Amino acid sequence: MHLAPLALSHLPIPMNDRDIVRVMEILQGELDRGIPPVITRYSRKKEDPYRILIATMLSSRTADEVTEEASERLFSLASGPQEMLRLSDEAIARAIYPVGFYRIKARYVKEISRDLLERFHGKVPRSMRDLLSLKGVGRKTANLVLTLALDGEGICVDTHVHRISNRLGYISTKSPAETEKALRAKLPRKYWSDYNSVMVAHGKRTCRPISPWCSRCPVFRFCDRTGVTSSR
Ligand code: SF4
């Protein structure tokens, strides 16, 4: 069947592998112009992997500013696992308040510190399997620690990464687990470690969960806007 050129020009063009290179270049530039997420800043400062691990665990369901202030208060009391074990659960909870689930996380801080000393000579382990064996450490935290604290290989998939990768049309997945698998299969390795930081910053600033700012988005021309029903 013959399609008129006008009709063809209105067909969506799926995002291709070359586009992701441009998207990453543009969004990396945006990340450098703004304030990067706290864990990214810790990583760039070459912060100790133990402190990156603890701060990452604290950061789940917690705003960036709260995570940063809570982490700084905690690390001013104890900067390594040995010192941390000398603090009571109550003292840790007070230091990290008001991060989400601060009482449970205070217990995790102690259990992680004890585990590191007893099983890993006080060091943060470098394998995904060992990281996942630590209390309160899920795949998202483990991937972030692997890539940002230990220069390892991984892609940290959180809600921003999952949402934006699908909106862009780069992948088509239903869950973060599927997204991690799909990105591992097609995202060039040189972007693995930065991908989370870039997408988190873009997701907070522009590609918001509800009504994204498409009108001022620097990667608009590459985006399929899959599933976007209303935008600003
Ligand atoms: S164009 Fe809209 S949906 Fe696409 S990345 Fe930008 S803000 Fe998100």
Side-chain angles (χ1 to χ4, degrees), residues 6 8-44 55-56 58-70 98-100 139-141 143-144 147-148 154-184 186-188 190-232:
L6 187 63
L8 271 174
S9 71
H10 283 77
L11 288 175
I13 302 166
M15 189 184 172
N16 65 40
D17 291 348
R18 225 172 326 127
D19 290 341
I20 197 69
V21 173
R22 283 297 295 133
V23 165
M24 285 301 289
E25 283 169 357
I26 293 167
L27 294 183
Q28 276 169 330
E30 293 285 304
L31 176 69
D32 292 337
R33 273 189 284 282
I35 301 175
V38 58
I39 307 302
T40 309
R41 273 181 282 136
Y42 279 177
S43 165
R44 287 180 178 177
T56 307
L58 296 182
S59 73
S60 87
R61 293 171 185 258
T62 303
D64 236 31
E65 313 75 64
V66 176
T67 299
E68 184 165 22
E69 287 172 15
V99 302
R139 218 174 155 85
K140 193 176 93 180
T141 298
N143 265 314
L144 210 55
T147 52
L148 294 185
I155 304 175
C156 174
V157 175
D158 64 5
T159 169
H160 297 290
V161 168
H162 177 60
R163 179 181 73 254
I164 300 169
S165 304
N166 276 281
R167 278 181 177 172
L168 284 168
Y170 186 51
I171 55 172
S172 175
T173 57
K174 297 266 181 286
S175 68
E178 274 183 38
T179 295
E180 186 184 333
K181 207 166 153 200
L183 288 175
R184 278 175 176 267
K186 71 184 298 195
L187 182 68
K190 64 179 176 176
Y191 298 131
W192 283 23
S193 61
D194 276 357
Y195 198 71
N196 179 276
S197 308
V198 161
M199 293 302 166
V200 169
H202 185 53
K204 286 182 174 174
R205 204 176 300 151
T206 311
C207 194
R208 300 279 184 83
I210 297 166
S211 196
W213 286 99
C214 297
S215 61
R216 65 183 195 200
C217 178
V219 295
F220 180 87
R221 67 185 185 282
F222 301 106
C223 184
D224 290 356
R225 301 176 70 236
T226 304
V228 175
T229 50
S230 72
S231 63
R232 291 174 275 184

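Computed from a predicted structure; not experimentally measured.
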Would a distance-only check, ignoring hydrogens and angles, find a side-chain to backbone donor-acceptor pair under 3.5 Å from [X] to [Y]?
{"X": "T147", "Y": "L144", "answer": "yes"}
{"X": "W192", "Y": "L187", "answer": "yes"}
{"X": "K186", "Y": "Y170", "answer": "yes"}
{"X": "D224", "Y": "T226", "answer": "no"}
{"X": "R139", "Y": "A177", "answer": "no"}

Distance, nearest 0.5 Å, that separates [atom1] of [X] from [atom2] of [Y]:
{"X": "N196", "Y": "T40", "atom1": "CG", "atom2": "OG1", "answer": "7.0 Å"}
{"X": "R167", "Y": "C214", "atom1": "CZ", "atom2": "SG", "answer": "7.0 Å"}
{"X": "K190", "Y": "M24", "atom1": "NZ", "atom2": "CE", "answer": "9.5 Å"}
{"X": "N143", "Y": "S193", "atom1": "CG", "atom2": "OG", "answer": "11.5 Å"}
{"X": "Y42", "Y": "T56", "atom1": "OH", "atom2": "OG1", "answer": "9.5 Å"}
{"X": "I155", "Y": "Y191", "atom1": "CD1", "atom2": "OH", "answer": "13.0 Å"}

Shortest non-hydrogen separation from [X] to [Y] and the atoms involved:
{"X": "D64", "Y": "P37", "result": "OD2-CA, 3.2 Å"}
{"X": "G203", "Y": "P209", "result": "O-CD, 4.4 Å"}
{"X": "T173", "Y": "A182", "result": "CG2-CB, 3.9 Å"}
{"X": "L31", "Y": "A201", "result": "CD1-CB, 3.6 Å"}
{"X": "D32", "Y": "R44", "result": "OD1-NH2, 3.2 Å"}

Problem set entry | H202 side chain to R205 side chain, donor-acceptor N/O pair below 3.5 angstrom | no
Problem set entry | Distance-only polar pair, side chains of T62 and T67, donor-acceptor under 3.5 Å | no
Exercise. Between D19 and R221, is a side chain to side chain contact (heavy atoms under 4.5 Å, CB included) present by the stated rule, with each step listed?
Worked result: CA-CA 10 Å; D19 290 341; R221 67 185 185 282; over 6 Å; no
Problem set entry | L148 vs S197, side chain to side chain contact (heavy atoms under 4.5 Å, CB included): CA-CA, chis, key distance, verdict | CA-CA 10 Å; L148 294 185; S197 308; 4.2 Å; yes
Exercise. Would you say the side chain of C156 lies within less than 4.5 Å of the side chain of V161, judging by non-hydrogen atoms?
Worked result: no
Problem set entry | Sub-4.5 Å side-chain heavy-atom contact between P98 and V66 |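 Contact flag for P98/V66 side chains = yes.
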Problem set entry | Note: R33-E30 ion pair, threshold 4.0 Å (strictly below) |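 Yes, this pair counts.
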For this session: Under the salt bridge (Lys or Arg N to Asp or Glu O under 4.0 Å) rule, what do R22 and E25 come out as? Steps first, then yes or no, please.
Result: CA-CA 5 Å; R22 283 297 295 133; E25 283 169 357; 2.6 Å; yes
